[in-house]
Amino acid sequence: MNSPLILDYPVPPLFSFKECLWFLNRNYDDCMHRISSGAITKAISLPEGDFLIRIAEHRQMIRMEILDGADIENHREVLEQYLKNWFDLDRDPRPLYELLKKDPQLSYMVTAFQGLRLVSMPDLFEALCWGITGQQINLSFAYKLKRRLVEKYGRSIEHEGNVYHLFPKPTALAKAGITDLMDMQFSQKKAEYLIGLSKAFLDGTISEKTLKALPSLKERQQVLTAIRGIGLWTANYALMKSFRENSCIPYGDVGLLNALIAHGIMQQKTDREQMDHFFEKYKGWESYLVFYLWRSLSQPEQ
DNA sequence: AGCCAGGATCATC
DNA sequence: GATGATCATGGC
């Protein structure tokens, strides 16, 4: 094929590609991207078509190479927008850092995690499926389940001997049978949830467009939690990761609770009032704080 | 070996 | 509206 299209984007202030890459390259085997020698390669599906993109840092720029895809030249803008959404590049984290500096237990994060952005999962359906998959199981197992699902029901792009997966579409997943997913070791309920969610996307019960059009976070949470298998945790997780909503607290999240206990901020796991009280100080930055707290879990002693 | 995992639902009180 | 059982299996 032709030489790839290259888009350079200036590194925004207080952005660390290394930190973001670190997050994507934690100790899990995530089938949705591949990281090697400082670059991340990922297949993405947009209304304009499927593309294979590679992101790396290059001379003070964030460089995106479009390795595969049709009519690339005419899709510069949407591809650049994807990049900006994925790494939340337009965010100015300084207000968060000012709040963190006032917090004795968390002020270290400003330097320790400086430049980390809330790495998103732009596809709402994917974020919801991933949330359901990860309910109440350890992450290692959850990533295994995701891989099985993706390899069976998703399309993929091959490039230089590697396979890059696209997350399955609702149409593909809606055709799956409960037992098909159970054979992959999904529980029966999760199989039902995933197939039900796929059908809800197909019949228009839910769509990214209508959900985004709702005026408040609360209404978006209500629409999502009305779907079987989606509780407040999953709704908040998906809204945080997909829409990059600012004020999503995934109540009940084991990782979040463990992080708050490890920092001496909470003592018991069940005290929602105490949790709300803590987050009061971080109005508008709740999601980011959660993300940073998750980040703290993977690093011993800060 | 046994408890816990980036929860949600349903029954029951 | 609050609690308890249930889910399925891996990881440590």
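Basis for what follows: all heavy atoms, side chains included, without hydrogens, waters or symmetry-related copies. In what follows, every chain begins at residue 1, and chains take the letters A, B, ... in the order their sequences are listed.
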- Kindly point out which of dG7(B), dG10(C), dA8(C) is positioned nearest to the side chain of V254(A)? dG7(B)
- Item | Short side-chain N/O contact to dA5(B) OP1/OP2 from N258(A), under 4.0 Å | yes
- Mate of dA8(C) across any strand shown (Watson-Crick or G-U wobble, both atom pairs under 3.5 Å) is none
- Query: What is the distance, rounded to the nearest whole Å, between atom CG of L181(A) and atom P of dT9(C)?
  - Reply: 13 Å
- Task: Could you encode protein contacts along nucleotides 8-13 of chain B as a string, one character per nucleotide from 5' to 3', using B for base contact, S for sugar-phosphate-only contact and - for no contact, with a heavy-atom cut-off of under 4.0 Å?
- Result: SSS---
- Item | Shared hydrophobic cluster, Y28(A) / L145(A) (ILVMFWY, side-chain heavy atoms < 4.5 Å) | no
- Message: Which label fits Y288(A) and W285(A): parallel for a plane angle under 30°, tilted from 30 to 60°, or perpendicular past 60°?
- Response: perpendicular
- Query: Is there a donor-acceptor pair under 3.5 Å between the side chain of Y282(A) and the backbone N or O of L96(A)?
  - Reply: no
- For F186(A) and dA8(C), what is the distance between atoms CZ and P respectively, to the nearest whole Å? 13 Å
- Write down the distance separating the P atoms in dA8(B) and dG10(C), rounded off to the nearest Å. 22 Å
- For K190(A) and dA5(B), what is the distance between atoms NZ and P respectively, to the nearest whole Å? 14 Å
- Expressed as a whole number of Å, how far does the P atom of dG2(B) sit from that of dA8(C)? 22 Å
- Gap in Å between the two P atoms, one belonging to dA5(C) and one to dC3(B), rounded: 15 Å
- Task: Could you tell me the separation between the OH atom of Y28(A) and the P atom of dG10(C), rounded to a whole number of Å?
- Result: 17 Å
- Item | Centroid-centroid under 6.0 Å between Y82(A) and F51(A) rings | no
- Find the distance L139(A):CG to dG7(B):C1' and express it as a whole number of Å. 13 Å
- Query: Can you check the I137(A) CD1 to dC3(B) P distance for me, whole Å?
  - Reply: 20 Å
- Message: Check this for me, if you would: do E208(A) and K212(A) make a salt bridge, where the nitrogen-to-carboxylate-oxygen distance has to be below 4.0 angstrom?
- Response: yes
- Cationic N near anionic O, under 4.0 Å, E192(A) to K189(A): no
- Query: Taking CG from N138(A) and C1' from dG2(B), how many angstroms apart are they, rounded to a whole number?
  - Reply: 15 Å
- Quick note, side-chain hydrogen bond (donor to acceptor under 3.5 Å, both in side chains) partners involving residues 133-149 of chain A, not counting sequence neighbours, are R26(A)-Y143(A), D29(A)-R147(A), D30(A)-K146(A), Q135(A)-T234(A), R147(A)-E151(A), R148(A)-Q185(A)
- Rounded to whole Å, the CD-P distance (Q185(A) to dT9(C)) equals 6 Å
- Query: If the P atom of dA1(B) is compared with that of dC7(C), how far apart are they to the nearest Å?
  - Reply: 22 Å
